[in-house]
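All values reported here derive from a predicted model rather than from experimental measurement. Start at 1 and go down the list; that is how both ligands and their atoms are numbered. Throughout, residue positions are numbered sequentially from 1 according to the sequence presented.
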Amino acid sequence: MKRIKTGITVIDEITGGFRTNRCMLLTGDAGSGKTIFGLHFALNSCKQGLNTVYVTTEEDADDLHTQAESFNWDLDEYMEKGLIRFVELAGIRARLIEAELSIDIDTMKGNFSKILQNIPDDTDVVVIDSLGSYTAKLTPYEFRDRFDHLVYELKQKNITSLVIIDSATSNEFNELALFSVYGAIKLMKRENPYTGRRERVMDIVKMRSTRTPTQFMTYEIDSNGINIISGFQK
Ligand SMILES: Nc1ncnc2c1ncn2[C@@H]1O[C@H](COP(=O)(O)OP(=O)(O)O)[C@@H](O)[C@H]1O
Ligand SMILES: [Mg+2]
């Protein structure tokens, strides 16, 4: 079974990385580190020579670049080689919202496949950050339907993917996306009952055919990005 290392050391040591041609789901609150996780995985994929596309719907590519630079991750080298490409859908979304005023809403609401139309054929890895921008006005049933279709299309195209959904959106749809994916990781903040201090924790909710820790893993965001510090056994 082939896997792609994420660049987050402990995850790679425990799981071996993300299974190729499968979809991983990443959920979490605002500020929990979803985008940083996505950048970690994207950078590590292109380091392994894989054609990587980062679809951003909320931030522009410049901001992601700045975020990567704050960890001394050099994206330029890989951008020049064409190994990593950023697709900005923020502007398109803004235009869609404008258009919604005049166009029949049903023709585009929640059409996740539109996201893939912007991706070159030779793509190996895709990060979608985030799908939350595309779910307005969907019922849970419609969401599940479109999400399943997206997962199916990604697999048909032999793409390994990380799909990011903020926890508010995920909860709105009863976490239905969890059932369609190969694996899912959740990022949270919680209060440590012993120290009374807030800490960041990660839950590997599921990963098919893989041994995963039952405990929450504590992580920090430091000068190297996401760094898991406890809650795992190698
Ligand atoms: N260079 C850095 N060093 C330490 N922490 C950082 C750094 N850059 C960002 N962070 C932390 O990461 C958070 C943002 O993470 P992000 O991945 O954008 O969250 P999300 O996408 O889940 O909303 C910031 O609020 C900050 O706490
Ligand atoms: Mg983000």
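A salt bridge is defined here as a Lys NZ or Arg NE, NH1 or NH2 lying under 4.0 Å from an Asp or Glu carboxylate O, and E58 with K34 fails to meet this definition.
Listed by chain and number, the protein N, O or S atoms at a distance under 2.8 Å from the Mg ion (ligand 2) are T35 OG1.
Between T27 and S170, the side chains place no donor N or O within less than 3.5 Å of an acceptor N or O (distance only, hydrogens not considered). The closest side-chain donor-acceptor pair between E172 and T135, if any, does not fall under 3.5 angstrom. In this structure, a donor-acceptor pair under 3.5 Å is absent between the side chains of E59 and T56. Using modelled atom types, one finds no donor on one side chain facing an acceptor on the other under 3.5 Å when comparing E220 with N227. In the model, T35 has a side-chain atom that pairs as donor or acceptor with a side-chain atom of D129 under 3.5 Å. Side-chain N/O atoms of R3 and T210 include a donor and acceptor closer than 3.5 Å.
Looking at T15, V10, I14, I228 one by one, the single match for side chain to side chain contact (heavy atoms under 4.5 Å, CB included) with P213 turns out to be I14. Tested against R200 for a side chain to side chain contact (heavy atoms under 4.5 Å, CB included), the candidates L187, I221, I229, T218 yield a single pass: I221.
At a 4.0 Å heavy-atom cut-off, the residues surrounding ligand 1 are D29, A30, G31, S32, G33, K34, T35, I36, Q67, S70, F71, R200, I221, D222, listed by chain and number.
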